[in-house]
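One structure is given below, encoded as structure tokens.
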Amino acid sequence: MSIYAILLSGGSGTRMGAKENKTLLTIGGEPAIVRCFRAFQGLTDGAVLVTRAGEEGLFADTMRQYGCFPLAVVPGGEDRQASSLRGLQALPADAEIALIHDGARPFVTKEIIRRVIGSVTACGSGVAAVPARDTVKRADREGRVIETLDRAELWHMQTPQGFYVRDLLAAHDAVSARCTDDAALMEAAGYPVQLVMGSPDNIKLTSPEDLRMAHGMLTPRVGTGFDAHRLTEGRQLWLGGVKIPYEKGLLGHSDADAALHALTDALLGAAAIGDIGQLFPDSDMKYKGISSLILLEEARRVITELGFSIGNVDVTIVCQAPKLAPYIPQMRESIAKALQIPVDQVSVKATTTERMGYEGRGEGISAQAVAVVFR
């Protein structure tokens, strides 16, 4: 069963007072649209991004910066219904199920997505929704109550909304009226629409209050890391994922990159899932001589699968020699690529101990790191 996501990102952000597309607003270290994209990774065969006309390049560059690669980035239409159709038309020919999701809902979870997929395969449709909590009144234009609706029968629609691609395309052909979402379109075309439980946290960014609520829903967590290795002859010197020309290198089971080891520990500590020795034990020969960039990438994968997003990281390398300043920009780029975050969220510094201690005597190099993650 081939399953694809269609992420709708045509919101202007005007009602939020934002100067940019609201799905590009940063939530917990990542743009809202990136958080959406990551939620669908591993559960779908790919995603199509639908943006406002003229913003395709901006979105493609932003997604690439965070290590996200949609199948296509296409311009939307004059309204949501037209944009949804543009997304459908951009899917591969073998696409069977489409999950349409608002790019302004950055807190969708894999659990919700799984429920939607399960409902589509079982019932032909699956729409995330939450039951109405408050009493709902129907009123006239002057605000006078006409009737009290039965709350037990009322639901608030969310996304993703999942259907078979063939059914969605047929509904677009059959219905000329403009519908506010794909569930309404399918209902108008005569298809049954099955609701599944969404979440009150699966909010849509519409107003400034929503943005404040979104930031309040995130929990920042901080982790620290420290590592030190002895300098020895006959080894290459790797720091921050960069090979440094020097007559000595660091001794260790892997490439002994103390900077990346400290950073990996900081990330694992922020997520409270142990340390680098537990995840990559030096008793395992498959890690012998391995690039520490690979270990850092694996740590990123593990914590993002647990629902964490990376905010910013800061690494301090302590050594008397060699001089590292010329290599720091390359280190920042290397770390940013491994963590799939922009380089401006990565800080690398180098300092000496004024010839004190083992670093000052040239016996070894140490590194400290701090990482902030959000969940």
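Remember, it's a predicted structure, so these values are computed and weren't measured experimentally.
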**OP:** Verify, without hydrogens or angle tests, whether Q161 (side chain) and D182 (backbone) share a donor-acceptor contact under 3.5 angstrom.
**Re:** yes
Original post:
Hey, does P92 have a side-chain heavy atom less than 4.5 Å from the side chain of L71?
Top reply: yes
Subject >> Lys/Arg-Asp/Glu bridge criterion (N-O < 4.0 Å) met for E297, R300 >> reply: no
Subject >> Spacing of R235 atom CZ and L237 atom CG [to the nearest 0.5 Å] >> reply: 10.0 Å
Original post:
I303 and I276: same hydrophobic cluster, using ILVMFWY side-chain contacts below 4.5 Å?
Top reply: yes
Subject >> Side chain R151, main chain R133, donor-acceptor under 3.5 Å >> reply: yes
Original post:
Sub-3.5 Å donor-acceptor pair from the side chain of H156 to the main-chain atoms of A132, do we have one?
Top reply: no
Original post:
Would you find a donor on one side and an acceptor on the other, under 3.5 Å apart, between the side chain of S366 and the backbone of F226?
Top reply: no
Original post:
Given side chains that start at C-beta, do those of L260 and L295 come closer than 4.5 Å, heavy atoms only?
Top reply: no
Subject >> Modelled atom types, side-chain donor and acceptor of S2 and D94, under 3.5 Å >> reply: no
**OP:** Establish whether V372 and I335 are linked, either directly or via other cluster members, by ILVMFWY side-chain heavy-atom contacts under 4.5 Å.
**Re:** no
Original post:
Between R38 and T304, is any side-chain donor less than 3.5 angstrom from a side-chain acceptor?
Top reply: no
Subject >> Heavy-atom side-chain proximity of L168 to I100 below 4.5 angstrom >> reply: yes
Subject >> Pairing of R301 and E305 as salt bridge, 4.0 angstrom limit >> reply: yes
Original post:
With F163, which of V120, V127, L169 fulfils side-chain contact (heavy atoms from CB on, under 4.5 Å)?
Top reply: V127
Subject >> Exam field: side chain Q345 to backbone G311, donor-acceptor pair closer than 3.5 Å >> reply: yes
Subject >> Matching residue for H101 among F37, Y4, F40 - test: ring-ring contact (aromatic ring centres under 6.0 Å, His included) >> reply: F40
**OP:** Flag yes if M197 and L99 sit in one hydrophobic cluster, no otherwise; membership is Ile, Leu, Val, Met, Phe, Trp, Tyr, and two members link when side-chain heavy atoms are under 4.5 Å apart.
**Re:** no
**OP:** Without swapping roles, check the side chain of Q236 against the backbone of K243 for a donor-acceptor pair under 3.5 Å.
**Re:** no
Subject >> Least distance between heavy atoms, V193 atom then M186 atom >> reply: CG2-CB, 4.1 Å
Subject >> Transitive ILVMFWY side-chain link Y66 to M63, under 4.5 Å >> reply: yes
Original post:
Got a donor-acceptor contact below 3.5 angstrom from the D45 side chain to the I3 backbone?
Top reply: yes
**OP:** Say whether V50 and I97 are linked into one hydrophobic cluster, either directly or through other cluster members, by side-chain heavy-atom distances under 4.5 angstrom.
**Re:** no
Original post:
Just by distance, do the side chain of D140 and the backbone of E142 share a donor-acceptor pair under 3.5 Å?
Top reply: yes
**OP:** State whether the side chain of K248 and the backbone N or O of T232 hold a donor-acceptor pair below 3.5 Å, judged by distance alone.
**Re:** no
